[in-house]
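Numbering of ligands and ligand atoms starts at 1, following listing order.
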Amino acid sequence: MKEKINQLKEEVAALTASSLEEVEQLRIKYLSKKGLITLAFNDFRTVPAEQKREMGQLLNELKNAATEKINRLKENLQYSSDEYSDIDLFRTPAPVTLGTRHPLSIVKNDIISIFSRLGFTVAEGPEIEDDWHVFSSLNFADDHPARDMQDTFFIFRHPDVLLRTHTSSVQSRVMEHTQPPIRIICPGRVYRNEAISARAHCFFHQVEALYVDKNVSFADLKQTLLYFAREMFGPETNIRLRPSYFPFTEPSAEMDISCNLCGGKGCSFCKHTGWVEILGCGMVDPNVLEACGIDSKVYSGFALGMGVERITNLKYQVKDLRMFSENDRRFLEQFESAR
Ligand code: DAH
């Protein structure tokens, strides 16, 4: 019996087939009800009791080897037959639906790319911040309303652990450990304790820019702003600056661009003024430079900050801020071509 099993085992190992029909013949020959291996199992009854254990094991091995061999022959033939000859087994299964970039990422990357052409490099900072970097180092007086619980999310009710309310915090982080020249752009998410509506959200995105060096002037700021506006909204775009107030800049300004929908003629989008506001800016207040360890008698700088949602709305006319965080595919798929 043992010999017979071994002989069958050798036979099975050497099996070949050149068509699926041949494989089927082999299956019938060895594994069908009257196949050689099945018959060998029938002989098992006659094996003396003390050999049953060994023979049983050998028979099972033989059967497994034969089944596996026949399956392998079949698979090889199936995938090399004409029908499958051009199958690429390494291809990702279809259908492959490609994702689209989020509109905020598209616009953020556009902003970064415009400023990087002017030599700015990206700097990032933590979203969970402390009072010093978000407020005190940026010249916010102790009783400034922006520190109020209504605007700022505090963590663990701790007055010194908070979610940053603006990316200006990255300015002070970078200035603390870098001496000028500094030319950075800081994109990131910010948080404010606001009721969620079409026009406000409790988190949104900003990009901050900071340039500190010897002899940086308001003219440098203006030219940078004009370059940015024209790269972002087209070469016909005009800008205007209105005096404003921010604790960390002096003088401060807000910048409007000529309405990119009506070209400045006046429409409902720009409330018939021909202008829309897009960012805040100014010359870095000497107090901020000093608080961060930079000599304000030697260096000066400008800073600007803008909301990414705001710029995206202007470019793509998204009417409701909530669309940006709802992940509705019908909304997101509209930006496929902008990828
Ligand atoms: N941090 C300001 C905000 O969140 C935006 C801003 C205004 C940033 C003026 C600046 C700036 O760097 O100079 O509203």
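- For Tyr191 and Phe153, the distance between ring centers is not under 6.0 angstrom.
- Listed by chain and number, residues touching ligand 1 at under 4.0 Å (heavy atoms only) are His166, Ser168, Gln171, Arg192, Gln206, Glu208, Phe246, Phe248, Thr249, Gly280, Cys281, Gly282, Ala303, Leu304, Gly305.
- Ring centroids of Phe218 and Phe302 are separated by 6.0 Å or more, keeping the two rings apart.
- Aromatic pair His201/Phe203: ring centres closer than 6.0 Å.
- Using modelled atom types, one finds a donor on one side chain and an acceptor on the other under 3.5 Å when comparing Arg147 with Ser136.
- Here Phe204 and Phe324 keep their ring centres 6.0 angstrom or further from each other.
- Ionic pairing of Lys74 and Glu24 is not present here: no N-O contact between side-chain nitrogen and carboxylate oxygen is shorter than 4.0 angstrom.
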